[in-house]
Amino acid sequence: MEQPPTGGGAGARVLVVDDDPTVAEIVTGYLDRAGYVVDRAGDGPDALARAAAHRPDLVVLDLMLPGMDGLEVCRRMRGQGPVPVIMLTARGDEDDRILGLEVGADDYVTKPFSPRELVLRVGSVLRRVRPVAEPSGDGSGSGVLRAAGLTVEPEARTAFKNGAELALTVREFDLLAFFLAHPGRAFAREELMRDVWGWDFGDLSTVTVHVRRLRGKVEDDPARPRLIRTVWGVGYRFDLAATEEA
């Protein structure tokens with residue numbers, strides 16, 4: 001039996017939402033041994049009530065819940081305030097994964113999954129939310145970033161467009177910070193997945209969905225993006241030249 005990663009949780013509160021008691025118990029055990037404070041919920045209303053009573057630092061959320069599904073739970077939690085979400089799904093259908101990302105999930109894990117991998121994913125997301133002091137080297141470290149009416153404050157994890165604060169998920173924030181730190185350079189989706197997500201492999205549609213969502217928040221006209229440009233056959237580029245022309 002694989003051993004769970006130990007330590008590193010630093011007391012962060014994780015809410016596990018799954019109607020399968022076996023899965024919930026295993027996930028809870030691994031997270032607990034990794035140093036996290038874990039709450040459990042078996043359905044959507046219970047999850048929302050627990051999140052309202054004790055705001056979690058991260059939610060592990062099953063997509064296929066009875067009654068109120070995980071997508072609706074994610075939407076309602078987002079309505080209560082920003083919180084990182086890792087979606088669990090028993091279905092390998094790409095449409096389900098994309099739906100989860102579209103409603104604001106920061107990551108997803110497909111069942112059956114390795115509990116150890118899930119704990120590592122939890123740690124990865126939380127490190128982005130609460131970065132350690134060492135510079136990351138990927139554009140999300142210290143130092144305010146400004147361009148094209150956008151301001152990103154990595155240490156405070158806040159971003160603004162023309163002075164108005166943007167409501168970004170963890171990965172959307174990381175992606176915007178990375179683009180602003182590397183203006184004018186084209187990146188393949190594989191490079192963005194490695195440098196922003198920290199993954200050496202994965203579903204590249206994750207990057208596509210996050211770029212689309214980010215455009216919807218930073219572009220004046222997301223249908224005709226001027227900042228985050230598609231470079232056909234390559235990937236994406238943050239284009240300062242377009243802002244200078246405007």
Decide, yes or no, whether a salt bridge links Glu153 with Arg157 under the criterion of side-chain N to carboxylate O below 4.0 Å.
-> no

Sidechain N-carboxylate O distance under 4.0 Å for Arg185, Glu191 | yes

Is atom CD of Glu72 surrounded by more than 12 heavy atoms (other residues, nucleotides or ligands) closer than 6.0 Å?
-> yes

Qualifying residues under side chain to side chain donor-acceptor pair (under 3.5 Å), relative to [X], sequence neighbours excluded:
{"X": "Arg13", "value": "Asp39"}
{"X": "Thr208", "value": "Arg189"}
{"X": "Thr230", "value": "Arg215"}

Got a sec, which residues hit side chain to side chain contact (heavy atoms under 4.5 Å, CB included) with [X], two or more places apart in sequence or on another chain?
{"X": "Asn162", "value": "none"}
{"X": "Asp20", "value": "Asp18, Thr22, Val23"}
{"X": "Ala164", "value": "none"}
{"X": "Ala186", "value": "Val231, Val234, Arg237"}

Kindly say whether Gly149 contributes a backbone atom to a donor-acceptor pair with the side chain of Lys161 at under 3.5 angstrom?
-> no

Judged by atom type as modelled, is there a donor-acceptor pair below 3.5 Å linking the side chain of Ser124 to the main-chain atoms of Leu120?
-> no

Mind checking salt bridge (charged side-chain N to carboxylate O under 4.0 Å, His left out) for [X] and listing every partner two or more places apart, or none if nothing turns up?
{"X": "Asp69", "result": "none"}
{"X": "Arg213", "result": "Glu172"}
{"X": "Arg78", "result": "Asp106"}
{"X": "Arg146", "result": "none"}

Residues Glu117, Arg121; criterion salt bridge (Lys or Arg N to Asp or Glu O under 4.0 Å); working and verdict | CA-CA 6 Å; Glu117 178 189 355; Arg121 293 282 186 97; 3.1 Å; yes

CG-CG distance between Leu150 and Leu180, expressed to the nearest 0.5 angstrom = 6.0 Å

Hey, could you give me each pair passing salt bridge (charged side-chain N to carboxylate O under 4.0 Å, His left out) that has a residue in residues 41-55? Not counting sequence neighbours.
-> Asp46-Arg50

Between His182 and Phe187, ring centroids under 6.0 Å | yes

